[in-house]
2 protein chains.
Amino acid sequence: MKVTISDVARAANVAKSTVSKVLNDSPKISNETKQRVREIMKQMNYIPSSIATGLARQSSQTVGLLVDMSKESEFLNQFFYNIIGGIESVMGPLGYELTLCNIQHHDAEDHFLNRLVLNQRVDGIIANNSVLTEELAKELDRLNFPYVSIGEMEPAASWVDFDNEAGGRMLTRHLLEQGYCSPAFIGGQRNERIFSRRLSGYLQALKQSGRLVRQDWIVNSQADEHEGYRSALRLLVREDRPDSVVCMTNYTAFGVLKAARELGIEVPGQLGIAAFDEYPLSRYTTPPLTSLNIDTFKLGVTSGQWLMDHIRENCTASRRLLLEPELIVRESTAGPAR
Amino acid sequence: MKVTISDVARAANVAKSTVSKVLNDSPKISNETKQRVREIMKQMNYIPSSIATGLARQSSQTVGLLVDMSKESEFLNQFFYNIIGGIESVMGPLGYELTLCNIQHHDAEDHFLNRLVLNQRVDGIIANNSVLTEELAKELDRLNFPYVSIGEMEPAASWVDFDNEAGGRMLTRHLLEQGYCSPAFIGGQRNERIFSRRLSGYLQALKQSGRLVRQDWIVNSQADEHEGYRSALRLLVREDRPDSVVCMTNYTAFGVLKAARELGIEVPGQLGIAAFDEYPLSRYTTPPLTSLNIDTFKLGVTSGQWLMDHIRENCTASRRLLLEPELIVRESTAGPAR
DNA sequence: TTGTAGGCGTTATCAG
DNA sequence: CTGATAACGCCTACAA
């Protein structure tokens, strides 16, 4: 059926091992032999079986991408495509395949640890930090198994993330520089690390410019449209309302916009709005949103490179990357009316 | 290092083959032995190597997902996540992994055919029709290799798609029913199959209701914001302008909205707008867009199921699914002002 | 420089 | 029911 290394060897009148060495371009084989064997391989349409190679080499030439497909509004969901693209752009040329693993419905027995790692289906793992808990990370460390986290983790691990704190500072500072005096912060759950980072940047910017922080202007809620809307409604009907808002997500911002429109509050004249993330809405709201763009492709590339270093043991030290976001200024923060 | 089947066999005082049979729950093994061996496997933390199993069984328990990651505005891009989720929901429980393969930068030698198929890295393939050309499909047929296309293909192949023609009819009819008399069609390239399907639905609806078709109201262009905008500007300044538009994509519609706003044309009062696709903008434009939603998860589920049938040879016949889209009525088609 | 033999961790086919 | 033994297709000493 399928042509194997033995077939080629027979046809070329050499030993299997010779063919194998040709395959791996061993320097111990004469050029003539290489030429000849390669010729025959081509003629016979020989393609080595990666399963057999994997078994012999004890490596699958595959990396696993852990995703929780249950979470619709997942970080990975939005940036999935770019991040994967970045990872692939470094793994692909090196001959590695990418395997997607949904960690959602697998119970203990069928856990990805068994399913992929101990299984030897993958040589390394990339996962975001909502999936790769610190407990799992410890286990991988114990097994000395290569992995990189997308999203901040505890110091022991290698991870790449974008600088949420800087992002919070940038959005807030931008509002202040535009002449807004009293920015609020809407969206996000207290216990989420990403929220606390973003909020912390907001607080830093306020303090650095000597403004006072008003706790009642920091609103925790789901980072979606509905909650953004509700939060904004409550906040904006008050006498002493903020003159601008930093929003956790595009959707939060959309909700805030809607509330402002209903209350007859003009954006940006009476309310400035700046939001995290550039996708999917910032360009398309009315008015368009000032927001933060992040180079998700680069996030993928870096995590891929580091994982490769890990796998090839060029570098097993834990590293971290904090990618600086880019401020995209649009109409929603054009400045308060005087 | 790693514990193998031999280790278990030794510890249990049985033959490797016995352990293997226990692993596969062969009926030829006594329950006592099964119990005992399983116990020991658990104690020793034995996990079978899927590579070895693959080699022995000549199957990788993996399916390949072909994607062209270069195309940013790719169909798959937008719906990627849901489709993959659907595929995984059927493959995962059956013990199959998903492997992503970027077909973009691989040249002839490094083609996915070699890289995945002939390689035996995957047991089957799912790809969308922009990636899986008919030429490739023929080759796979020749190899008798299981695959399913996401998106219409020639009759010989199995494919799932949503009914673009019906979609075109639904949007157009809806406009007419709302009282708009003269809908235009904006966006899409003549040579794209998806465009011709959608357009054809539009034409059908017009003819069925006895309206005349105006070729100059069918505008070909990139299906993005900019081109939607430009096309709409040209169309809407004319004396005999259409009173409504069917848009190829969300982005096209956004461009049209922008043009209308600039020209002072009210939506929906003076211009009705209906658009294909529900993501990412339809809910968030001003006014929100009437659009078509499709069950992308189901697209994934079906393609996964069919591929499994193919792999297991339950059913190798070629099948096709045309998923009916769902009309989501929103403000943008509320009806013309009288 | 090339060939021989054994191993990678399973499954499958027979005997017993 | 259980156990040898030979695949599966490739790699890697070590020997020639």
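These numbers come from the heavy atoms of this one structure, side chains and all, not from hydrogens, waters or symmetry mates. Everything numeric here is computed off the predicted structure, so don't read it as measured data.
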Look at the side-chain N and O atoms of A:Thr18 and state whether any lies under 4.0 Å from the OP1 or OP2 oxygen of C:dT1. no
Sole residue of B:Thr62, B:Ile87, B:Asp123 in side-chain contact (heavy atoms from CB on, under 4.5 Å) with B:Tyr96: B:Asp123
Closest listed nucleotide, where the reference is the side chain of A:Thr4 and the choices are C:dT11, D:dG9, D:dT12: D:dG9
Atom-pair distance (NZ on A:Lys34; P on C:dT2), nearest Å: 10 Å
Under 4.0 Å between any heavy atoms, over every strand shown, what does B:Val14 touch: base, sugar-phosphate, or nothing? Just pick one. sugar-phosphate
State which residue, out of B:Glu152, B:Arg319, B:Glu154, fulfils the side-chain contact (heavy atoms from CB on, under 4.5 Å) condition with B:Trp159. B:Glu152
D:dC11, OP1 or OP2 - any side-chain N/O from A:Gln58 closer than 4.0 Å? no
hbond_proxy B:Lys16 side chain to C:dT10 base (donor-acceptor, 3.5 Å cutoff): yes
Check: A:Ile83 and A:Leu65 side chains under 4.5 Å, non-hydrogen atoms: no
Under 4.5 Å between any side-chain heavy atoms of B:Leu323 and B:Asp295, yes or no? yes
Protein-nucleotide distance (B:Lys21, atom NZ; D:dG3, atom P), rounded to Å: 9 Å
Distance check needed: C:dT10 C1' versus B:Ile51 CD1, whole Å only. 11 Å
Given atom CG of B:Leu55 and atom P of C:dT10, what is their separation to the nearest angstrom? 12 Å
Note: for A:Lys28 and A:Ile47 on DNA chain D, the residue whose nearest nucleotide lies more 5' is A:Ile47
For the pair made of CD1 in B:Ile29 and P in D:dT2, what is the distance, rounded to whole Å? 5 Å
Side-chain N,O (B:Ser20) to OP1/OP2 (C:dT11) below 4.0 Å: yes
Please give, in whole Å, the distance from C:dC8 P to B:Asp7 CG? 10 Å
Rounded to whole Å, please give me the gap between CD1 in B:Ile5 and C1' in D:dC8. 14 Å
Could you verify whether a donor N or O on one side chain and an acceptor N or O on the other, from A:Asn24 and A:Ser26, lie under 3.5 Å apart? no
Hey, does A:Ser17 reach any base, or is it just sugar-phosphate, or nothing, if we go heavy atoms under 4.0 Å? base
A:Ser6 side-chain N/O to D:dG9 phosphate OP1/OP2 under 4.0 Å: no
Can A:Asp7 and A:Arg10 be counted as an ion pair, charged N to O under 4.0 angstrom? yes
What is the nucleic acid contact for B:Ser50, judged by heavy atoms within less than 4.0 Å: base, sugar-phosphate only, or nothing? nothing
Just checking A:Asn13: base, sugar-phosphate only, or nothing, at a heavy-atom cut-off of under 4.0 Å? sugar-phosphate
Choose from C:dC8, C:dT2, C:dT11 the nucleotide whose nearest atom is closest to any side-chain atom of B:Leu23. C:dT11
Roughly, in whole Å, what's the span from CZ in B:Arg57 to C1' in D:dG9? 17 Å
Does B:Ser49 reach a base, just sugar-phosphate, or nothing at all? Heavy atoms under 4.0 Å. sugar-phosphate
